[in-house]
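The shown structure was predicted, so the numbers you read here are calculated from the model rather than taken from an experiment.
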Amino acid sequence: MSSDTAAEPRPAERPATADGTAVTAPPAGTSSPADPRPPNDESDGPVSESDALRSLASGAGADADERSEAQQASALADLIAARLNADASGTRIGTLALFNDTVSFGGGFHTGGARVAPSARHSGASAVIDGIELGDYTERFVQPTGYAAAVEGLSRQGLLVLTGPPGSGRTATAVNVLSEAVALGGTPDGGCHRLLDPSALSEPGWVPPAKNRGYVVEIDEGPSAAGKFGVRQLTSVAGAVRAAGCHLVLTGGHDLALAVADTDGGDPFAHHELAPVDPLVILEHRVLGAGPGTAARARLRARLESGGVVGALREQPAARHAARFATVITAGGDLHAEVAALRDPGDQVRSWFRRHREPAAVAFALAAAVLEESSYLTVADAAVKLHTALTPPEPAPPDLRFADRIGHEQQWIRLDSTGSGPPRVRFRGPLLGNAVLLHAWNTLDGRREAFLEWLRRMLGHRDIEVRARAAVAAGVLIWADRHYAVHRFLTAWAGSTSWPQRQAAATALGVAGRQPESADAVWELLGDWTRGGNSAYQRRLAGTAANAAGGFLGRAAPDRAVQVLKSALDRGDDWGTLPSVAWGGVHLVHQGQAGAVLGAYLDWSEPEDQSPMVVKTLSAFVFAVSQPYRPPSPAPGVPGVPVLLSSLPEHSGAMAELWARALARRPVQDSALAALREWIDTYAPLCPGSHESIAALLARIARRRGRHRERLLWWLDKWAGDDDRPSEYAAWLRRRI
């Protein structure tokens, strides 16, 4: 053919095989992904043929960090998307569409779920706990560790400060301890009452509403409420209680425990830290009673396992949930429906945000949602930065101790030990992290801007894992309002001069595009980006589109993916998108879509002329055959060997045609020859049977019309006799041909 330009073959340089993109990432240690160049800088990316080909041949901008980040982002996004599409529990992220609905709370923080009647709240400073409610608390009550000591302390001192995390059954314990102490004390009026105004206890000179009674009062969570009850104030309350012949149990959580932490045992009140009881023990006791038989317990445990109750209580180990399940079982209710209702991530998230609005709590919840599975220190540092963005500046760093509050304020989060490694931050439910993101994005209007800026800064974090998880979180946010996301942050990231921001946009679109209701809109957006003009900004948009199409989004729709790659590549004399398209093709190959990619390359290079599209396509092909397989990737392969070599017999026809076209014309010929020698000398020894496959491939090329046979023999002979690096396998292949 007239385009066969190998009249005088010449040696080619050995190609680099490092991954990357055409634009380097910010140097290590850069805190923000913003590039110092102005947004209208037109020098971004190779725009000429020589620059683009040199970029591919030399691996310009291809460093190991970028390769690793792209792989981690893709793997994380794939995992997250799979969780969101179908969680084993049957819960769905779609339930979060009801964010703006009002939420009502059933039950209190006790095992019986009893509530104060509305009329009782207006009957005075206290309300009696009547016999029905008292029985609900006390019947089949499971005594926690140290219960007897708590009863003794209340009887002796008159005031007991009972602290424990929410869901530990502290209210039920308080009522039981109080009822026993009142009975032991033999007060004439007796009875147990609930104080309706906890703040009254913090006022100077407080006295009980009536003498010779028992009272229980619950302190709201938070340092502002609990901080009023220091040792001095509680000493005064204890004296007033004893003077009136009363008993009082004051219950609260972490902040109340901190307020009385300095007591040395000599104070005129008792303090007991409640150890939560296993909720399964509570459930069994309420269903089977005391001392059940082994067979009955085994049958109940089997039912709880099959019905999902055990898993639900692991995620939310609160005593009130165990009591609720027990009620459903004894009443013959729908246990599966109750489990599904408890595990609904939307309800959990709405309930939590209803109770917690302070910046410290919100900051850690959001940081954990973005960086779930990261180490505690990584999440805590990110939360501190977000907390700074959500609060006015302070003269000194705030005293934030997130780990102290995980079992109290952040009960939906746990710290999992990993042997010798650092503890990992994980939500108890599989969809909670994403539910937190969506709820905060939709409802915290005054904090959305600060959160978005914090998330953008996470894209420039030194830790690759943090950058990847931040990109996945951005994909979750796209669900809330695609139009808003596209115009608020997504397009800006996709056209940024910062490689991490462009990678984040591609990953985010991959997450959003995996949802059936979003797929068409995502693919339409990618197509729009590839059809822009030839400015540097529009070129970057097209490159990001190619990156997204080559990710796991393209694995699910390879035909759509190659159309995006073609549109991004076919831009006339603009060569700036070639590196991105070439990498998009490699990523699709590594995800098991080699057939679709090779078929597209055959179609695009069909004219076999010197047109830009043909040269770009064959350059992308040579780049693909040069990139070694690096796990984890969905496609099977031999680590360190190009997938298109290890799977050669499967695609031998297409491969032979594309190799022949690439070897026959400059400027692609030089890189193709270098890639072929790498196959022969570097990769084939790592892949059993590859030399036979290469021999069959070259024989097929040699049989084509033209100078293909002559060219192959010339180069094999040259490589076999190379003074610096003689090739034993080249000589063997020459004999075979």
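Pairing each heavy atom of Ala505 with each of Trp493, the nearest pair is CB-CB, 4.0 Å. The nearest pair of heavy atoms linking Ala519 to Gly513 is CB-O, 3.5 Å. Nearest heavy-atom pair, Val522 versus Leu509, reported as atom, atom and distance to 0.1 Å: CG1-O, 3.8 Å. A pairwise comparison of heavy atoms in Glu273 and Ala257 identifies OE1-CB, 3.8 Å as the closest pair. Heavy atoms only, all atoms of each residue included: Leu134 and Val175 are closest at CD1-CG1, 3.5 Å. Closest non-hydrogen pair, Ser518 versus Arg482, comes out as OG-NH1, 3.3 Å.
The pair Glu133-Arg194 counts as a salt bridge, with a side-chain nitrogen and a carboxylate oxygen less than 4.0 angstrom apart. With respect to the salt-bridge test (charged N to carboxylate O, under 4.0 angstrom), the residues Asp445 and Arg447 do not qualify. Between Arg301 and Glu305 no salt bridge is recorded (no basic side-chain N to carboxylate O distance below 4.0 Å). Under a 4.0 Å N-O distance rule, the pair Glu372/Arg426 does not qualify as a salt bridge. A salt bridge does not link Asp416 with Arg424: none of the charged nitrogens is closer than 4.0 Å to a carboxylate oxygen. Ion pairing of Glu284 with Arg140 is absent here, as no side-chain N (NZ or NE/NH1/NH2) approaches a carboxylate O to less than 4.0 Å.
Using modelled atom types, no side-chain atom of Arg467 and backbone atom of Gly460 make a donor-acceptor pair closer than 3.5 Å. When atom types are taken as modelled, the side chain of Tyr137 and the backbone of Ile129 share no donor-acceptor pair closer than 3.5 angstrom. Side chain of Arg286 to backbone of Ala326: no donor-acceptor contact under 3.5 angstrom is found. Gln410 places a side-chain N or O within donor-acceptor distance of the main-chain N or O of Ala361, the cut-off being under 3.5 Å. A distance-only check finds no donor-acceptor pair linking the side chain of Trp352 to the backbone of Trp412 [under 3.5 Å]. Although no hydrogens or angles enter the test, the distance criterion places no donor-acceptor pair under 3.5 Å between the side chain of Tyr376 and the main chain of Pro422. No donor-acceptor distance shorter than 3.5 angstrom exists from the side chain of Glu218 to the backbone of Leu250, with no hydrogens or angles considered. For Thr330 (side chain) and Thr327 (main-chain N/O), a donor-acceptor pair under 3.5 Å exists by modelled atom type.
For the pair Glu409 and Gln411, the minimum side-chain heavy-atom distance is 4.5 Å or more. Annotation: side chain of Arg350 is not in contact with side chain of Thr443 (no heavy-atom distance under 4.5 Å). Taking the side chain as every heavy atom from C-beta outward, Phe552 and Arg514 approach each other to under 4.5 Å. In this structure, the side chains of Val370 and Leu455 come closer than 4.5 Å at one or more pairs of heavy atoms. Inter-residue side-chain proximity for Pro276 and Pro165 is flagged as met; some heavy-atom pair is nearer than 4.5 Å. Annotation: side chain of Leu201 is not in contact with side chain of Tyr215 (no heavy-atom distance under 4.5 Å). Looking only at side-chain heavy atoms (C-beta outward), Phe353 and Val436 come within less than 4.5 Å of each other. Within the 4.5 Å cutoff, no side-chain heavy atoms of Ile478 are placed close to those of Tyr484.
Here the OG1 atom belonging to Thr171 is positioned 8.5 Å from the CG atom belonging to Leu162, to the nearest 0.5 angstrom. Note: Leu400 CG to Thr391 OG1 = 8.0 Å, rounded to the nearest 0.5 Å. Atoms OH and OG1, on Tyr147 and Thr145 in that order, are 13.5 Å from each other to the nearest 0.5 Å. To the nearest 0.5 Å, the span separating CG on Asp481 from CG on Asn442 amounts to 8.5 Å. Atoms NE2 and CG, on His193 and Leu248 in that order, are 12.5 Å from each other to the nearest 0.5 Å. Interatomic distance, CG of Leu377 versus CZ of Phe402, reported as 12.0 Å (0.5 Å rounding).
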Take Arg448 and Glu453 through the salt bridge (charged side-chain N to carboxylate O under 4.0 Å, His left out) test and state the conclusion after the steps. CA-CA 9 Å; Arg448 189 178 299 113; Glu453 175 61 21; over 6 Å; no

If you apply the rule side chain to side chain contact (heavy atoms under 4.5 Å, CB included), what do you find for Leu525 with Leu490, and how did you get there? CA-CA 11 Å; Leu525 178 65; Leu490 189 61; 4.1 Å; yes

Take Leu234 and Val161 through the test side chain to side chain contact (heavy atoms under 4.5 Å, CB included) and record every step on the way to the result. CA-CA 9 Å; Leu234 290 176; Val161 179; 3.9 Å; yes

Stepwise, does the side chain to side chain contact (heavy atoms under 4.5 Å, CB included) test hold for Arg401 with Asp399? CA-CA 7 Å; Arg401 305 183 187 187; Asp399 183 14; 3.0 Å; yes

Could you go through the side chain to side chain contact (heavy atoms under 4.5 Å, CB included) check for Phe141 and His285 one step at a time? CA-CA 8 Å; Phe141 171 71; His285 190 73; over 6 Å; no

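With respect to Glu338, the side-chain hydrogen bond (donor to acceptor under 3.5 Å, both in side chains) criterion is satisfied by exactly one of Arg343, His321, Arg324: Arg324.
Here Thr491 pairs with nothing under the side chain to side chain donor-acceptor pair (under 3.5 Å) rule; sequence neighbours left out.
A side-chain donor-acceptor contact under 3.5 Å links Thr378 and Ser375.
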